[in-house]
*Asks:* 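The structure under discussion is supplied below as structure tokens; questions concerning it will follow.
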Amino acid sequence: MGTSPDLQSCRFYRQERLKHKKSIQRLFSEGKTKKFFPLALYFLQYEPEEIPFHKLLVSVPKKHFKKSVVRNKIKRRIREAYRKHKHIMYNKTGGLPFLLGYVYISKNVHSYKSIEEQVINSIQYLLNNKTN
RNA sequence: AAUGCAGGUUUUCUUAUCGCCCCGAUAAUAUCGGGGAGGAAAGUCCGGGCAACAUAGAGCACCGUACUUCCUAACAGGAAGGUCCCGGUAUAUAUCGGGAACAGAUAGUGCCACAGAAAAUAUACCGUCCCACCACAGGCGGGAUAAGGGUGAAAAGGUGGGGUAAGAGCCCACCGCUUCAAUGGUGACAUUGGAGGCAUGGUAAACCUUACGGGUUGAAAGACCAAAUAGGUUCUGUCUUCUGCUUUUGCGGAAUCGGGUUGCUCGCUCGAUCAAUUUGAGUCAGAAUGGGUAGGUCGAUCGAUCCUGUUAGUGAUAACAGGGCUAGAUAAAUGAUAAGACCCCGAUUUAUCGGGGACAGAACCCGGCUUAUAAACCUGCAUUUUUA
RNA sequence: GGCCGACUAGCUCAACUGAAUAGAGCACUUGACUACGGAUCAGGAGGUUAUAGGUUUGAAUCCUAUGUCGGUCA
């Protein structure tokens, strides 16, 4: 382990992605839910191993969007919005980091601006409801 | 020039800011440099490579393919050709364009509703004709015949003539069919000539026959690394219910199991506490060993490869020469925002404004097929109009 | 990523190896019965058999392609 990563930047590190199968199952079974239309946010605080990364997962249901092109586009927009505004969360230090799961619940494709707005709202909501 | 049909080619571009994935260098979550979706990446309909397992040979079964020759690693793909069908042009034929699951119904079995005399070994209902009788409209009996007969998808070679009591390939001509021979062609087949009097309805995307091909399973294949824990195997050692006394034999107590004591419980009582004898079984401890889950690495991107040219071939394609390296992720990168250029549509003040730029996103890799596609361009054919 | 299967009336299902009006129950609707309703009785409507081609005289059925839905394999 070298120098610690710059958490304030807009870089989106590989460790900030939620990949572990059991963590995902924990997030969806034990985590809390809050709706920010067109998104739904699952969140859960966890015990980090070394660096307190917030971990992100994005999901777009296949039921509403048949074409993988459309699903990929929405996922990229959500991830981009989170990347630009995640520094808000790292600014407020203290407390356990979050596992985040964004699920797209609308049946229509929304523009980047409306998605960005709701992502900011959701991050503010998380900071206000943080424990420890 | 427009429209339609068929086929082919291309799949918008530039800049800035912030980012993502891979590779290389410095050197370590930093900086620099390079690369980053498609013609269908799709459907998974075929064929192969690759991998594991299986495997003496032959036959049967099952699945698939089906005009011929060639191409190919292979194919249900492609090229060239043949036959048949459809459309156009001149018109007994030729030519142009398009299409065809295009082997066999004379190997066998099955099916062909309704209608119709009859639906497949032809039949004899209405008919036609001859003879005899009743007795003269006609009826009945015996015989000949298959020309004609509502039907039906399909009717037993067709047309014309001769012939006959009436008729019939009964006979003849032409056409068709079957078969034989010759010639041309690698072949499908074509042309010419002879013979047969016609024997052969349809259906094989019904069973089937013939010929050819197919081992099974798919990257979730498969190979390797490997923490903690549990268990398997092997080796070594220890013990054979626990405990007290005793040198040992042995004796006492407790526990467990089994039998008896009236069915049950307690109690009492009896027996056993590994089997056996050069060993085996089990408990515990230690060591070794192989299998293997979370996870990771490989498989995995240099290949039936791409580009250009020459040669051979009608062509698919092949050979040779030169040059290039061109995504490689794994809850899965290839993006977001802003501005401009190009193209299309609408409004119209003719220069602005507004809207739009299809179908669609790699997952081991190739060769095809099929399906989805905005716009532009090219080629062939047909129709219409204009000009000469 | 691979491999299977099913689409028939508003719903649940039939129609077997092709045969001409695609049938049954529930639901809907009309009438009768009843003071009214239910139940019952008598009738009626409702289908491009998922879509598009093909084979056949004839297709829900056979073949091909497409679409939708479902199952299964670590």
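Letters go in sequence order (proteins before strands), and every chain restarts at 1.
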*Asks:* Please round to the nearest 0.5 Å and tell me the distance separating atom OH of Tyr42(A) and atom NZ of Lys32(A).
*Replies:*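 Output value for this atom pair is 14.5 Å.
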*Asks:* Is there a side-chain contact between Ile88(A) and Gln124(A), using heavy atoms and a 4.5 Å cut-off?
*Replies:*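 Result yes, sub-4.5 Å side-chain heavy-atom pair found.
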*Asks:* Could you tell me the Watson-Crick or G-U partner of A336(B), where both distances fall under 3.5 Å? Say none if there is no partner.
*Replies:*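 By the stated definition (distances under 3.5 Å), U17(B) pairs with A336(B).
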*Asks:* Whole Å only: how far is the CZ atom of Arg79(A) from the C1' atom of C21(B)?
*Replies:*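 Arg79(A) atom CZ is separated from C21(B) atom C1' by 11 Å.
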*Asks:* Provide the Watson-Crick or G-U wobble partner of G167(B), both distances under 3.5 Å; none if there is no partner.
*Replies:*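 Matched G167(B) with nothing under the 3.5 Å cut-off.
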*Asks:* Expressed in whole Å, how much space separates the C1' atoms belonging to U370(B) and A2(B)?
*Replies:*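 Here U370(B) and A2(B) have their C1' atoms 33 Å from each other.
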*Asks:* Of all the choices, A336(B), U334(B), A360(B), which nucleotide is nearest to the side chain of Arg76(A) once you look at every atom?
*Replies:*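 It is U334(B).
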*Asks:* Go through the side-chain N and O atoms of Gln118(A) and His110(A) and say whether any donor and acceptor fall under 3.5 Å apart.
*Replies:*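 No pair is found: no donor N or O on one side chain lies under 3.5 Å from an acceptor on the other.
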*Asks:* Syn if the chi torsion is within 90° of 0, anti otherwise; quick check, which is U273(B)?
*Replies:*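 Classified anti.
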*Asks:* Mind calculating the distance between CD (Glu116(A)) and C1' (U337(B)) to the nearest angstrom?
*Replies:*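 Nearest whole value for this atom pair: 9 Å.
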*Asks:* Given A333(B), A336(B), G361(B), which nucleotide is nearest the side-chain atoms of Val69(A)?
*Replies:*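 Looking only at side-chain atoms, Val69(A) lies closest to G361(B).
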*Asks:* Of the non-hydrogen atoms in Ala81(A) and Glu116(A), which two are nearest, and what is the gap between them?
*Replies:*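 What the structure gives for the nearest pair is CB-CA, 3.9 Å.
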*Asks:* From A360(B), C18(B), U334(B), pick the nucleotide closest to the side chain of Glu80(A)?
*Replies:*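 When the side chain of Glu80(A) is considered, C18(B) is the closest of A360(B), C18(B), U334(B).
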*Asks:* Just the rounded figure in Å: distance from P of G38(B) to CG of Asn72(A).
*Replies:*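 Roughly 15 Å, once rounded to whole Å.
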*Asks:* Could you check which nucleotide pairs with G110(B) in any of the strands shown, counting Watson-Crick or G-U wobble with both distances under 3.5 Å?
*Replies:*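 Paired with G110(B), as far as the under-3.5 Å criterion goes, is U203(B).
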*Asks:* Please give me the minimum heavy-atom distance between Phe98(A) and His54(A), naming the atom from each residue.
*Replies:*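 Closest approach of Phe98(A) to His54(A): N-ND1, 3.0 Å.
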*Asks:* Please measure how far the P atom in A155(B) lies from the corresponding atom in G148(B), and state the result in whole Å.
*Replies:*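 It comes out at 13 Å once rounded to the nearest Å.
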*Asks:* Between Arg77(A) and Glu80(A) (salt bridge meaning N to carboxylate O under 4.0 Å), is one present in this structure?
*Replies:*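 No salt bridge links Arg77(A) with Glu80(A).
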*Asks:* Cluster question for you: counting only ILVMFWY and a side-chain heavy-atom cut-off of under 4.5 Å, with indirect links fine, are Leu39(A) and Leu127(A) together?
*Replies:*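 Same hydrophobic cluster.
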*Asks:* Under 3.5 Å, is there any donor-acceptor pair linking the side chain of Arg83(A) to the base of C18(B)?
*Replies:*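 Such a pair is found, so the answer is yes.
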*Asks:* Atom NE2 of His110(A) to atom P of A336(B): distance rounded to whole Å?
*Replies:*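 Distance, rounded to whole Å: 17 Å.
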*Asks:* Under a 90° cut-off about 0 for the syn range, is U334(B) syn or anti?
*Replies:*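 Anti, angle beyond 90° from zero.
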*Asks:* Under a 3.5 Å cut-off for both distances, is C377(B) Watson-Crick or wobble paired, and to whom?
*Replies:*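 Because both required distances fall under 3.5 Å, C377(B) counts as paired with G8(B).
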*Asks:* In whole angstrom, give me the gap between the P atoms of G354(B) and G340(B).
*Replies:*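 G354(B) and G340(B) have their P atoms separated by 10 Å.
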*Asks:* Name the pairing partner of A255(B), where a pair is Watson-Crick or G-U wobble with both distances under 3.5 Å, or state none.
*Replies:*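 For A255(B), the partner nucleotide comes out as U273(B), under the 3.5 Å rule.
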*Asks:* If you measure from the C1' atom in U83(B) to the same atom in A188(B), how many Å do you get, rounded?
*Replies:*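 Approximately 9 Å lies between the C1' atom of U83(B) and that of A188(B).
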*Asks:* Would you tabulate the nitrogen or oxygen pairs shorter than 3.5 Å linking the protein to nucleotides 65-69 of chain C?
*Replies:*
unit_1	atom_1	unit_2	atom_2	d
C69(C)	OP1	Lys66(A)	NZ	3.1
C69(C)	OP2	Lys66(A)	NZ	3.4

*Asks:* Is there a Watson-Crick or G-U wobble partner for A153(B) with both distances under 3.5 Å, and which nucleotide is it?
*Replies:*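 Its partner is none (no Watson-Crick or G-U wobble pair with both distances under 3.5 Å).
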*Asks:* Look through every strand shown and name the nucleotide pairing with G193(B) as Watson-Crick or G-U wobble, where both distances are under 3.5 Å.
*Replies:*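 Because both required distances fall under 3.5 Å, G193(B) counts as paired with C180(B).
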*Asks:* Expressed in whole Å, how much space separates the C1' atoms belonging to U337(B) and A304(B)?
*Replies:*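 Going atom to atom, C1' in each nucleotide, I get 47 Å.
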*Asks:* Any strand is fair game: report the nucleotide pairing with C50(B) by Watson-Crick or G-U wobble, both distances under 3.5 Å, or none.
*Replies:*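 When the pairing criteria are applied, G218(B) turns out to be the nucleotide that pairs with C50(B).
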*Asks:* When the distance from NZ of Lys86(A) to C1' of G19(B) is rounded to whole Å, what number comes out?
*Replies:*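 Distance, rounded to whole Å: 10 Å.
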*Asks:* Quick check on G35(B): syn or anti? Syn means the glycosidic torsion is within 90 degrees of zero.
*Replies:*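 With its glycosidic angle more than 90° from zero, G35(B) counts as anti.
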*Asks:* Taking for each residue the nucleotide of RNA chain B bearing the nearest heavy atom, is the 5' side occupied by Ser68(A) or by Val58(A)?
*Replies:*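 By nearest-heavy-atom nucleotide position, the 5'-most residue is Val58(A).
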*Asks:* When you check the glycosidic angle of U301(B), does it come out syn, meaning within 90° of 0, or anti?
*Replies:*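 What U301(B) shows is a syn base, its glycosidic angle lying within 90° of 0.
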*Asks:* How many Å lie between CG on Leu57(A) and C1' on A331(B), as a whole number?
*Replies:*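 My rounded result for the distance is 7 Å.
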*Asks:* Does the side chain of Leu57(A) come within less than 4.5 Å of Tyr102(A)'s, by heavy atoms?
*Replies:*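 No; the side chains remain at least 4.5 Å from each other.
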*Asks:* Work out how far the P atom of G149(B) is from that of A117(B), and round it to whole angstrom.
*Replies:*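 Taking atom P in both G149(B) and A117(B), they lie 13 Å apart.
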*Asks:* Determine the Euclidean distance between corresponding P atoms of C67(B) and C75(B); express it in Å to zero decimal places.
*Replies:*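 Here C75(B) and C67(B) have their P atoms 15 Å from each other.
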*Asks:* Taking the side chain as every heavy atom from C-beta outward, state whether Ile78(A) and Lys75(A) have any atom pair closer than 4.5 Å.
*Replies:*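 No, every pair of side-chain atoms sits at 4.5 Å or beyond.
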*Asks:* Over how many whole Å does the gap from Ile74(A) atom CD1 to G361(B) atom P extend?
*Replies:*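 Distance, rounded to whole Å: 14 Å.
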*Asks:* Starting at the 5' end of RNA chain B, which residue's closest nucleotide do you reach first, Lys84(A) or Leu56(A)?
*Replies:*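 Its nearest nucleotide being more 5', the pick is Leu56(A).
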*Asks:* Are side-chain heavy atoms of Leu126(A) and Leu100(A) found at a separation under 4.5 Å?
*Replies:*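 In contact.
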*Asks:* What is the distance from CZ of Arg71(A) to P of A360(B), rounded to the nearest Å?
*Replies:*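 Between P of A360(B) and CZ of Arg71(A): 13 Å.
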*Asks:* Syn or anti: how is A120(B) classified when any glycosidic angle within 90° of 0 counts as syn?
*Replies:*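 Anti conformation here, the glycosidic angle of A120(B) being more than 90° from 0.
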*Asks:* Please give the distance between the P atoms of U305(B) and C377(B) as a whole number of Å.
*Replies:*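 It works out to 36 Å between them.
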